[in-house]
Asks: 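Here you go, one structure.
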Amino acid sequence: MKTYLSVNAKSYAVEHDPRRTLLDTLRDDLGLPGTKKGCDHGQCGACTILLNGERVNACLCLTAMHDGDEITTIEGIGSPELLSELQKAFVEKDGYQCGFCTPGQIMSATALLQEIANGAPSYVSDDLDSAALTDAEIAERMSGNLCRCSAYPLIREAIAMAAEGKE
Amino acid sequence: MKDHFTMDSPQPRLLDETKQGVIGTPMDRPDGPRKVSGTADYTADHAPDGMAHGVLVRATIARGRITGMDRDTVLGIDGVIDVITDPRMIRNPAQGMAGSAPVQTGDEVHYHGQPIALVVAETFEAARDAAQRLTVHYHAEAAAVSPETTPDTETDDPVTAGDFDSSWSAAEVQIDRAYTTPSQAAAAMEPHAAIADWQGDHVTLRSALQMVRFNKAELADTLGIDPSKVRILAPFVGGGFGSKLGLGPEAAAAAIAAQKLGRPVRVVMTRQTVFDTVLRRSETAQRVRLGATKDGRITAISHDDRVSNIDGEGFAEPVSQASQFLYGADGLSFTQTVARIAATPAGSVRAPGEAVGMLAFEAAIDELADALGMDPLELRLKNLPEKHPIDGRPYSARRLADCLTEGAARFGWADRWQAGTRREGDWLIGIGMASAARSNMLVKSSARVRLTGDQAIVETDMTDIGTGTYAILAQITAEMLGLPAANVTVRLGDSDLPGASGSGGSFGANSAGSAVFLAARKLRAEIAERLGCDAEGLTLQNGQARGDNREAALTELVSEEILAEATIQKGKTAKSHFSSGFGAHFAEVAVNEWTGEIRVRRMLGVMSMGRILNEKTARSQALGGMIWGIGAALTEEMQSDPRDGHIVTRDLANYHVPAHADVPGDMQVVFLEERDDWANPIQTKGIGELGISGAGAAVINAISHATSKRAYDYPVLPDRMVALLEG
């Protein structure tokens, strides 16, 4: 079957197996392996992408259900030569070790900063109308992204640093 | 120029004399921009033309024989190419540094979850579908799957010093406690993966592996071919923690299938298969006995344990490793029992031994301090031995006392309150501490350094599994050759390059780093000769060579490439001195008195681990280890079905590695300056495992301080904590 996707502002028509996940489409059909497969079950967050501006686990999305959708992957955030502020902050703070979960962490963090800017509350927010960028907020909102190297404190420092740079 | 060096005597501290000033600095990783942009190429990111997809099929009995497979029912599925079984397939990953094939079982099943076949298809979806549908027929046999009840056990001769029995019976104060820890999983974020491709009778294997030199020999032995016909590539590895030390079943299966089908085959384990078949950390049952005089001198130490493994695997979790050298006593005794079971094989997971042994041992020390009415800090300081208590070797470098006192001062230990007396609402607050120790090693390693003008290239089959190898090898080379680190290119993870130790046992930086150091030292001698000065009088900085009142640019002196290769191996210093990293962990926890929930509020680790090569990556390693300590203390538990041994918690939703919200922002690491002259020529010690060793015990001891209750079964899950609070 065929599905039309916009990925990192480029249009694709993908011929695919009906069982194919968006994750496998990105990695194997479109040649965008920056999005990682860590569990294929929505448990680790390594495959986090932006789907129409919101973060999702690509392993839990069937390609067939996303005809016409707009997708951003880590490749659409920055390149080694031209890194985003968040990507630079991860390098400076050593917010990774093996690097495997890193694209997912950065995609999640990219969405997180937007969610905070939009005033979307979380479980740890003090009130329902706004959310401050505290360490507790970042930790809560990043907990869908596992990092077995356990760079957690440094990942959160990197996110806070990138957020400060934006203000 | 080839140099073969044996570590027979303490070496001069050349890296303290060189002038580039890049060694030890918190330099960003050169591989960082690739990692944060998704362009670092891990194994499964490759998809060569014509590639087929393989999915492993697992056994669903604990022990027996395969009598048939309904191949035809799945071969009819659209896209399925073959169902491959082969006597060369391997039962489980090789143990670290095996260098030969693991057990090859043919049609026998030795544990539930064992890979028994590979389904290969044109698409991943078809292969997965067929692997799940394939019906396998077995002749099942009875099997012992529980370490508590198996009749098949082996008990080693005890390791002893002095007379434990008489010291124990004479002790004025005694602690005698039993502890348990469950099986644990390495759970690296990258699932084990391999892509095999044959050109004639040569195979190239991309795979997620930690020890390329050994893995090459393992694959050759598995396939029954000469090692010269094997090439292994592992430039980026998505975490290892011991789980990728040895060649795995997915790699053997990919190589066999690719050979049979004449096209590249990629096999990526599902997360569930990773839990089923990758070597787990053994569960442990431990007994710690400590005897002391009333004034707090420890007189008797015993730490016995029972671990498990499958038949045919020699590895046994060395539970009491650190207990044998941390504190002195008149009598010491350590006995290990291995239970043989038909279950997922056990092997090395980050800091084998210390990671679980120190949970129990350092908790027992804490309890002894309580029984003595002593500060646990003071008890530890009072009982540091002068020499290794078992074999009498002097310590090469040990700043344990400094780590304990410095940590106590920074953490505010002096303000410690009486146990069980501080609360904030429903939360009981406590602080705890533990010593850290992890023995240090040097493993044979080779490296080559090439220099053309002011540009250098480092070549070794060493891996970077997140540890920072790309960074530190660039820094060592840059420091030695007087170059900005940006002028050094590091090539890793290719078995065609000089063979290194690989990443494991915290010996990678020591071993591979020393080989690079020695190769670069050879180049310094060549540069000195060209300049016309003594090697000792040579100064290299920012591409300029100076010595004996002469000066020249490297671009003039080395207009054509020069190269040097060096090999290092351990020698007499490994026998004459005992080398170990040491440290002290501190933790503050809050325990909810109604739900039993435990939150770590802050941690501090103070560590002395030889020369720090990169302050930034070293800190990351130490932090990561400390967070593994939180996991071991509070969340990580692998559970098996007692009927057939199959792992029930076989994914990341059921096996709980710490997540962001489990980890406080206030995680501090302090390194105390140290040089270990007896360890290796760059005076370093291992870092990757010291952070975990003792960290969990600090959390456990903080729980006791908060609640006045002692837990002996780990992790301290909420239900266990509630039971203790109600007890």
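A, B, ... follow the sequence lines: proteins, then strands. Residue 1 opens every chain. Remember, predicted model here, so these are calculated numbers, not experimental data. No hydrogens, no waters, no symmetry mates; every other heavy atom, side chains included, goes into these values.
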Asks: Any luck finding a side-chain donor-acceptor pair between A/E54 and A/N52 under 3.5 Å?
Replies: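 There is no such pair between these side chains.
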
Asks: Could you tell me if A/S122 and A/E137 have a donor-acceptor pair between their side chains, going purely by distance under 3.5 Å?
Replies: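 A donor-acceptor contact under 3.5 Å links the two side chains.
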
Asks: Of B/Q272, B/M189, B/R271, which meets side chain to side chain contact (heavy atoms under 4.5 Å, CB included) against A/C39?
Replies: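 Among B/Q272, B/M189, B/R271, the one that satisfies the side chain to side chain contact (heavy atoms under 4.5 Å, CB included) with A/C39 is B/R271.
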
Asks: What residue, out of B/I627, B/D45, B/V657, has the most heavy-atom pairs lying under 4.5 Å from chain A?
Replies: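 The option with the most such pairs is B/D45.
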
Asks: Among the options A/I155, A/N145, A/I77, pick out the one with the most heavy-atom pairs lying under 4.5 Å from chain B.
Replies: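 Highest number of heavy-atom pairs under 4.5 Å: A/I155.
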
Asks: Among A/E157, A/E140, A/E92, which has the most heavy-atom pairs under 4.5 Å with chain B?
Replies: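 Winner by heavy-atom pair count: A/E92.
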
Asks: At a heavy-atom distance under 4.5 Å, which candidate from A/G34, A/A46, A/A139, A/A151 has the highest pair count against chain B?
Replies: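 Answer, by heavy-atom pair count under 4.5 Å with chain B: A/A139.
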
Asks: Identify which part of A/R27 has an atom lying under 4.5 Å from any heavy atom of chain B, answering side chain, backbone, both or neither.
Replies: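 Contact with chain B involves the side chain of A/R27 alone.
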
Asks: Measure from the side-chain N and O atoms of B/R128 to the backbone N and O of B/T123, and report whether any donor-acceptor pair falls under 3.5 Å.
Replies: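 Checked: no pair found.
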
Asks: With chain A as the partner, which of B/A47, B/P664, B/A186 has the greatest number of non-hydrogen pairs under 4.5 Å?
Replies: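 So the answer, after comparing B/A47, B/P664, B/A186, is B/A186.
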
Asks: Which one of A/L62, A/V56, A/N57 satisfies the side chain to side chain contact (heavy atoms under 4.5 Å, CB included) criterion with A/L60?
Replies: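 Of A/L62, A/V56, A/N57, side chain to side chain contact (heavy atoms under 4.5 Å, CB included) with A/L60 is met by A/N57 alone.
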
Asks: Just by modelled atom types, is the B/G242 backbone N or O under 3.5 Å from a matching donor or acceptor in the B/Q210 side chain?
Replies: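 It does hold such a pair.
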
Asks: Side chain, backbone, both or neither: which part of A/K37 has an atom under 4.5 Å from a heavy atom of chain B?
Replies: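 Interface part for A/K37: both.
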
Asks: Which one wins on heavy-atom pair count under 4.5 Å against chain A: B/G665, B/S620, B/G239?
Replies: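 Answer, by heavy-atom pair count under 4.5 Å with chain A: B/S620.
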
Asks: More than 12 non-hydrogen atoms from neighbouring residues, nucleotides or ligands closer than 6.0 Å to CG on B/N654, yes or no?
Replies: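 Check passes, neighbour count above 12.
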
Asks: Looking at A/P153, A/P103, A/S143, which has the largest count of heavy-atom pairs under 4.5 Å with chain B?
Replies: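 The candidate making the most pairs under 4.5 Å is A/S143.
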
Asks: What option among A/C101, A/S150, A/C98 has the most heavy-atom pairs under 4.5 Å with chain B?
Replies: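 The answer is A/C98.
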
Asks: Examine whether an atom of A/L146 lies under 4.5 Å from a heavy atom of chain B, and if so say whether it belongs to the side chain, the backbone or both; otherwise answer neither.
Replies: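 Both parts, backbone and side chain.
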
Asks: Please work out which of the three classes, parallel, tilted or perpendicular, describes the rings of B/F241 and B/W628, given edges at 30° and 60°.
Replies: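 Correct class here is tilted.
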
Asks: Could you have a look at A/D94, A/D17, A/T102 and say which one has the most heavy-atom pairs with chain B under 4.5 angstrom?
Replies: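 Among the listed options, the one with the most contacts to chain B is A/D94.
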
Asks: Quick one: which of B/R29, B/M626, B/M27 has the most heavy-atom pairs under 4.5 Å with chain A, could you say?
Replies: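 Max contact count across the listed options: B/R29.
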
